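See structure below.
Nothing here was measured: the structure is a model prediction, and the numbers come from that model.
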Amino acid sequence: MNKRTTLRRAARFLAAGAATALLSLSSLTANAQSAPVKIKFILDWRFEGPAALFLLPLAKGYFAQEGLDVTIDAGAGSGSTINRIASGTYDMGFADLGTMMEFIANNQAAASNRLQGVYLVYEQAPLTVFSLKKSHIDKPSDLVGKTLGAPIFDPTRRLFSLFTAANGVDASKLKWKTMDPTLRETMLVRGDVDAVAGFYFTSLLNLNARGVKDEDISSMQFADYGVKMYGNAIIANQAFIDANPKAVAGFLRAFTRGAREVAADPDAAIKYVKDRDPLIDVEVEKRRLRMALAVSIATPNFKANGIGMADKTRIKEMVGQIVSAFDLKQSPNPDLMFNPAFMPTQAERRIFTK
């Protein structure tokens, strides 16, 4: 073999090696680019009817189709959920927007704790006062001299000063009893309290479960008595938003796709809740989901203009309400409370067909 032949073979060998290396590098790059973004998501409460809004798109692979690896855990109240998102234990979650505002106001020095609402789910907060009709509590002034019950962390109780102020009721003439959430409605039925504060589609169904019929229950929703506030939203950790803006947008697209299906057939969607918690009462959770849709999601505005978007003026007003209700020393910046940049198109967000 002459020297020229040897050199040609060596060149071909090196070229083949370089091509193989390039292909391997290209494959590694493609795999890195296609690796799903992990999102740890936490709910505000247990796996109940409204959780279908998140569990359906998870089970049907809508998040995965957006290049996301999503896990969804049950929560223990909006306050706990907010803290876990802020700390980075979870990347995103579902919680009360007012609770987030309060947290941010009280933690403005901790830049690492920043978080934002990115998608409004409950346009009307389901804050409600319940009593038994036999107590004749038919209007806010009838609460004077009465004893109310609720867990200390319940949003309806914590925002009750807005309800009393809007209706000219002297809050000092009301008494409160604190209990575990599981005992709230039981204490009302037993007569240990005159009224309870809670979410509309939580307390009403809990009273039904304790043998009280709808016609024997009186309720006053805050929204009907001068206190209109946004409710639960999808909230994200700011560090996660900054590092994964496309993932946030993908999550919201998949959520909206699933929400359309839930709105079209809420009863069928409960299957996905039962898959996560086989012990749920299917009929109760079907009704809870339908009530959540009717009271908090299928509002005139959301029906006409699509779900998800929060109005800047209402956000500013809500910040003022939160500062007043909790007597906060600092006010959070309203412009930083809600970020619509990752929202799907309005056409996608029009999920109600009638």
| field | Validation row: E261, I351 side chains within 4.5 angstrom (heavy atoms) | value | no
| said: Please tell me whether L174 and L132 are part of a single hydrophobic cluster in this structure, the criterion being side-chain heavy atoms less than 4.5 Å apart. | reply: yes
| field | Shared hydrophobic cluster for V262 and V284 (ILVMFWY, side-chain gaps under 4.5 Å) | value | yes
| Closest approach of D216 to V212 (non-hydrogen atoms, all atoms of both residues) | CB-CG1, 4.1 Å
| Residue pair S203 / E185, side-chain donor-acceptor N/O under 3.5 Å | yes
| said: Filter on side chain to side chain donor-acceptor pair (under 3.5 Å), then keep only pairs touching residues 304-330, sequence neighbours left out; what's left? | reply: N301-N305
| Exercise: identify the closest heavy-atom pair between E348 and P344 | OE1-CB, 3.5 Å
| Any side-chain heavy-atom pair of T128 and F201 under 4.5 Å | no
| said: If I compare all heavy atoms of A95 with all of T81, which pair ends up nearest, and what's the gap? | reply: CB-CG2, 3.9 Å
| note | Heavy atoms of I217 and K213 approach each other most closely as CG1-O, 3.3 Å
Side-chain donor/acceptor pairs under 3.5 Å, residues 64-79, sequence neighbours excluded:
from	atom 1	to	atom 2	distance (Å)
Q65	OE1	R257	NH1	2.7
E66	OE1	R253	NE	3.3
E66	OE1	R253	NH2	2.8
E66	OE2	R253	NE	3.2
D69	OD2	K38	NZ	2.9
D73	OD2	Y90	OH	2.6
S78	OG	D96	N	2.9

| request: With sequence neighbours left out, write down each residue that passes salt bridge (charged side-chain N to carboxylate O under 4.0 Å, His left out) with E283, or none if nothing qualifies. | output: K286
| request: Look at the aromatic rings of F63 and F251 and report parallel, tilted or perpendicular, splitting at 30° and 60°. | output: parallel
| Residues K139 and D142 bridged, charged N to O under 4.0 Å | yes
| task | Mark yes or no for whether E285, through its side chain, and G49, through its backbone, hold a donor-acceptor pair below 3.5 Å. | result | yes
| task | Find the distance between CE (M309) and OH (Y119) and round it off to the nearest 0.5 Å. | result | 9.5 Å
| task | Report yes if the side chains of V121 and F255 come closer than 4.5 Å at any heavy-atom pair, otherwise no. | result | yes
| task | Decide yes or no for R288 and M291: does some side-chain heavy atom of the first lie under 4.5 Å from some side-chain heavy atom of the second? | result | no
| Is there a side-chain contact between I234 and M92, using heavy atoms and a 4.5 Å cut-off? | yes
| query | Does some side-chain heavy atom of I280 sit less than 4.5 Å from a side-chain heavy atom of D277? | reply | yes
| query | Are side-chain heavy atoms of L148 and V196 found at a separation under 4.5 Å? | reply | no
| remark: Those residues at least two apart in sequence (or on a different chain) that pass salt bridge (charged side-chain N to carboxylate O under 4.0 Å, His left out) with D214 are R287
Sequence neighbours left out, cut at 3.5 Å: what donor-acceptor pairs do the side chains of residues 154-162 make with other protein atoms?
from	atom 1	to	atom 2	distance (Å)
D154	OD1	R184	NH1	2.9
D154	OD2	T156	N	2.8
D154	OD2	T156	OG1	3.3
D154	OD2	R157	N	3.3
T156	OG1	G198	O	3.3
R157	NH1	A150	O	2.9
R157	NH1	T178	OG1	2.8
R157	NH2	T178	OG1	3.3
R158	NH1	E102	OE1	2.7
R158	NH2	E102	OE1	3.1
R158	NH2	E102	OE2	2.6

| query | Can you tell if the side chain of P181 reaches within under 4.5 Å of the side chain of F153, non-hydrogen atoms only? | reply | yes
| For L120 and L97, which heavy atoms make the closest approach, and how far apart are they? | CD1-CD2, 4.5 Å
| said: Is the distance from the ring center of Y122 to that of F94 below 6.0 Å? | reply: yes
| note | K246 meets the salt bridge (charged side-chain N to carboxylate O under 4.0 Å, His left out) criterion, sequence neighbours left out, with none
| Residues R349, M343; criterion side chain to side chain contact (heavy atoms under 4.5 Å, CB included); working and verdict | CA-CA 9 Å; R349 292 185 288 106; M343 200 79 68; 3.2 Å; yes
